[in-house]
**Q** 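A single structure is presented below for examination.
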Amino acid sequence: MPDEVKPSPNQARTHDARLAAEQIASGEEKAPKVDFEADYAAAQQFSVSEIDRTDEGAAAAEAATAPKYEISQPKETKTVAQPTGNPDDYLEMANDVGASRNEAVTTVSDDLVKQALQKGQAAKK
């Protein structure tokens, strides 16, 4: 089903497009008809060449995309992590980290912010 083009001179990006839109709006020229479905069907015909529809085309495509060099297969390796250190050390470290959950949260006051700002400033000479 053809659609009618309704150009607007205000939306034209170039001078030629603006002139064409004005001529169509004034009736000097006919607006082109656009059939999107027919254009799409025609584009589908061009998307695949005639040779690609044959066995010869399939062989040519395979030859064109074949790797030029031999590719080695990856070898599977297994890595086993060996236990290191004393497990009690890790338990102690976990307790140190976990202790922060039990400690009170420090509140930030205006005085604390002022002190931080003063400490952050460069020394005046």
Side-chain angles (χ1 to χ4, degrees):
M1 176 171 135
D3 294 327
E4 186 176 331
V5 176
K6 297 178 184 175
S8 171
N10 297 334
Q11 293 180 345
R13 293 183 183 230
T14 64
H15 181 68
D16 291 337
R18 189 174 302 116
L19 288 175
E22 288 171 356
Q23 289 175 350
I24 291 170
S26 69
E28 292 178 40
E29 283 192 35
K30 290 180 100 179
K33 300 276 186 194
V34 179
D35 190 351
F36 292 107
E37 292 164 359
D39 288 347
Y40 182 76
Q44 294 305 306
Q45 293 296 321
F46 291 115
S47 68
V48 178
S49 68
E50 292 299 323
I51 194 169
D52 288 337
R53 295 184 179 131
T54 65
D55 291 337
E56 183 183 336
E62 188 173 331
T65 58
K68 295 179 182 176
Y69 304 103
E70 185 179 327
I71 299 173
S72 62
Q73 294 297 321
K75 296 177 183 174
E76 186 174 325
T77 58
K78 292 190 178 193
T79 305
V80 178
Q82 298 296 325
T84 58
N86 184 354
D88 293 334
D89 293 339
Y90 295 107
L91 184 60
E92 183 180 330
M93 182 175 60
N95 286 333
D96 290 343
V97 172
S100 63
R101 288 184 287 163
N102 302 333
E103 295 174 1
V105 177
T106 305
T107 57
V108 178
S109 65
D110 290 338
D111 292 334
L112 187 60
V113 172
K114 286 179 187 176
Q115 288 176 359
L117 289 174
Q118 288 173 354
K119 289 184 178 185
Q121 291 178 356
K124 295 179 184 176
K125 293 184 179 180

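Residue numbers run from 1 in the order of the sequence given. The figures here come from the full heavy-atom set of this structure, side chains too, leaving out hydrogens, waters and symmetry mates.
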**Q** Over all heavy atoms of both residues, which pair between I51 and E56 is shortest? Give the atoms and the distance, please.
**A**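 Taking I51 first and E56 second, the nearest heavy atoms are CD1-OE2, 4.0 Å.
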
**Q** Within this structure, what is the CD-CG distance for the pair Q44 and D39, rounded to the nearest 0.5 Å?
**A**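 If I round to the nearest 0.5 Å, the distance is 11.5 Å.
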
**Q** With sequence neighbours excluded, tell me which residues meet side chain to side chain contact (heavy atoms under 4.5 Å, CB included) with E28.
**A**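 Once residues adjacent in sequence are excluded, the partners of E28 under the side chain to side chain contact (heavy atoms under 4.5 Å, CB included) criterion are Q23, S26.
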
**Q** Please identify each residue that fulfils side chain to side chain contact (heavy atoms under 4.5 Å, CB included) with A21, with sequence neighbours left out.
**A**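 By the side chain to side chain contact (heavy atoms under 4.5 Å, CB included) rule, A21 matches P7, P9.
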
**Q** For the residue pair P67 and I71, what are the closest heavy atoms and their distance?
**A**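 Minimum heavy-atom separation between P67 and I71: CB-CD1, 4.3 Å.
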
**Q** Suppose we screen for side chain to side chain contact (heavy atoms under 4.5 Å, CB included). Which residues come up paired with T14, at least two apart in sequence or across chains?
**A**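 In terms of side chain to side chain contact (heavy atoms under 4.5 Å, CB included), with neighbours along the sequence ignored, T14 is linked to D16, A17.
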
